[in-house]
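Quick notes on the structure that follows.
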Amino acid sequence: MSKPVKWGVLSTAKIGREQVIPAICAAEGAFLHAIASRAPERASTCAARFGATASYGSYEDLLNDPDVEAVYIPLPTSHHAAWSIKALEAGKHVLCEKPIALHADEIGAIKKARESSGCLASEAFMVTYHPQWHKVRDLLAQGAIGRLRHVQGVFSFFTRDETNTRNIVAMGGGALPDIGVYPTVTTRFATGKEPQRVRARVERDATFGTDIFTTAEMDFGDFSLSMMVSTQLALRQEMVFHGETGFISLSTPFNAGLYDADVVTLRNQDHSGEQRFRFSGVNQYKLQIEAFSRAVRGSKEAIFSLEESTLNQRAIDAIYRAGESGGWEQV
């Protein structure tokens with residue numbers, strides 16, 4: 001077995017502490033080497049909690065550590081692109097939280113840094129590593145629901161915490177960057193299709209200025225996606241794929257394992273038949289770290305690419321434009 005990849009983490013953000021750092025610690029082929037924070041005491045406390053070898057009081061110091069091979073970046077959204085580039089320039093492989101950039105055009109500079117460094121760079125769409133989404137993709141490809149006509153996606157939660165980066169424009173806050181990317185990326189992943197045009201309604205908070213409620217329709221040519229995302233509605237998430245002979249639904253499509261068992265349900269046209277595919281005990285963050293670590297060691301398996309990131313962000317960019325124009329916008 002190859003030597004474990006030594007990971008460094010830039011910041012002690014909640015998603016890191018609660019999901020990704022534990023996944024690094026549990027993953028085969030990965031080792032938590034260092035954690036950095038601009039507050040040195042937070043870095044040392046977090047490092048001690050998870051058994052990291054080193055802690056640093058600056059992100060630059062972590063990137064200068066020659067033992068760090070791969071870096072996970074859960075910084076505020078507005079910092080993702082810049083620190084991804086800095087990490088690549090330092091010769092580190094990069095796994096960056098979504099969205100890796102706030103505009104599709106920004107991803108080009110990350111691609112250039114990737115090519116110059118010879119390192120891997122990937123946006124942390126953990127959902128694409130979960131077997132439930134591979135099952136949905138397989139069912140659609142097999143024609144399990146006949147011709148796909150429409151996809152519905154919902155993702156919402158409630159926060160009006162003024163200190164939460166989701167509510168701070170300068171930090172890249174908003175519902176679309178935070179959760180709007182998920183109905184989009186999972187529809188694209190499951191179908192292998194790209195949206196052609198979008199129309200949308202985007203509502204912003206009068207105090208924060210961030211987008212807090214969006215409904216959008218994406219035209220994929222053969223089918224459409226209708227999605228609703230909000231940071232000021234009751235907690236909910238669901239994805240449904242409607243075909244001519246049945247439909248597929250997912251109970252926990254995004255935060256898998258958090259609310260309920262991960263179940264993909266296939267129903268036929270008149271509900272006389274039902275199949276349930278249960279995925280118990282799956283940690284999609286661990287699967288993501290393991291896949292990325294194997295790729296660092298030369299595996300040819302697929303990880304989420306910057307090319308995929310560009311396509312997904314183009315769709316989000318088009319939603320914003322459609323919210324402003326009130327009409328259809330090309331993706």
Side-chain angles (χ1 to χ4, degrees), residues 98-99 122-156 176 179-198 214-229 236-269 274-279 282-285 287-288 291 301-316 318-319 331:
K98 52 75 204 166
S122 181
E123 191 172 9
F125 274 117
M126 72 294 183
V127 289
T128 63
Y129 300 92
H130 197 300
Q132 69 173 350
W133 279 108
H134 291 258
K135 184 64 177 179
V136 173
R137 185 171 64 179
D138 291 345
L139 289 171
L140 292 173
Q142 294 161 11
I145 59 172
R147 178 188 171 196
L148 178 65
R149 297 301 306 272
H150 187 67
V151 183
Q152 291 174 293
V154 176
F155 198 178
S156 59
L176 282 168
I179 55 179
V181 291
Y182 284 114
T184 307
V185 79
T186 51
T187 300
R188 293 179 52 254
F189 178 82
T191 66
K193 303 287 187 178
E194 298 297 333
Q196 300 171 9
R197 57 179 186 158
V198 176
T214 291
T215 57
E217 179 182 0
M218 290 191 183
D219 178 7
F220 281 76
D222 295 338
F223 66 92
S224 57
L225 162 67
S226 62
M227 56 181 271
M228 183 278 286
V229 295
R236 186 184 171 210
Q237 56 181 265
E238 187 177 20
M239 289 288 289
V240 184
F241 294 76
H242 297 273
E244 290 182 336
T245 63
F247 66 94
I248 300 166
S249 60
L250 293 90
S251 59
T252 52
F254 313 124
N255 295 129
L258 187 59
Y259 308 115
D260 196 359
D262 306 334
V263 179
V264 174
T265 303
L266 170 64
R267 294 182 176 89
N268 62 9
Q269 197 172 51
E274 177 181 295
Q275 296 182 63
R276 288 177 174 262
F277 306 93
R278 301 181 67 88
F279 300 88
V282 174
N283 184 328
Q284 58 189 350
Y285 297 97
L287 294 178
Q288 175 181 244
E301 69 186 276
I303 59 172
F304 198 85
S305 70
L306 293 182
E307 288 69 26
E308 286 289 324
S309 296
T310 303
L311 292 170
N312 208 66
Q313 189 57 45
R314 282 177 181 165
I316 301 301
I319 293 175
V331 174

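Starting from 1, each residue takes its place in the sequence as its number. Just so we're clear, the structure is a prediction, and the values are computed from it rather than from any experiment.
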Euclidean distance, [Y] [atom2] relative to [X] [atom1], rounded to 0.5 Å:
X    : Y    : atom1 : atom2 : result
T191 : L140 : OG1   : CG    : 7.5 Å
S251 : R276 : OG    : CZ    : 8.0 Å
D219 : R197 : CG    : CZ    : 4.5 Å
L148 : K193 : CG    : NZ    : 10.0 Å
Q284 : M126 : CD    : CE    : 4.5 Å

Would you say that [X] contacts [Y] through its side chain, given a criterion of any heavy-atom pair below 4.5 Å between the two side chains?
X    : Y    : result
P183 : M228 : no
E238 : Q152 : no
T245 : N268 : no
S122 : Q288 : no
L139 : I145 : no
R147 : D222 : no
F220 : V151 : no
L225 : P195 : no

Q | Verdict with reasoning, K135 to I248, per side chain to side chain contact (heavy atoms under 4.5 Å, CB included) | A | CA-CA 10 Å; K135 184 64 177 179; I248 300 166; over 6 Å; no
Q. Taking the six-membered ring for Trp, are F241 and W133 parallel (under 30°), tilted (30 to 60°) or perpendicular (over 60°)?
A. perpendicular
Specify the closest pair of heavy atoms between [X] and [Y], including all atoms of both residues, with the distance to one decimal.
X    : Y    : result
V229 : G180 : CG1-CA, 3.8 Å
T252 : Q237 : C-OE1, 3.7 Å
F277 : L266 : CE1-CB, 4.2 Å
I303 : A291 : CG2-O, 4.0 Å

Does [Y] offer a backbone N or O that forms a donor-acceptor pair with the side chain of [X] under 3.5 Å?
X    : Y    : answer
N312 : V185 : yes
Y129 : F304 : yes
E308 : F189 : no
E194 : R188 : no
H134 : A190 : no
H150 : S224 : yes
Q132 : F279 : no

Q: Using the side chain to side chain contact (heavy atoms under 4.5 Å, CB included) rule, take F155 and M227 through it: C-alpha gap first, then chi angles, then the decisive distance, then the call.
A: CA-CA 8 Å; F155 198 178; M227 56 181 271; over 6 Å; no
**Q.** Set of side chain to side chain contact (heavy atoms under 4.5 Å, CB included) partners for K98, sequence neighbours left out
**A.** E123, F125, D178, V181, Y182
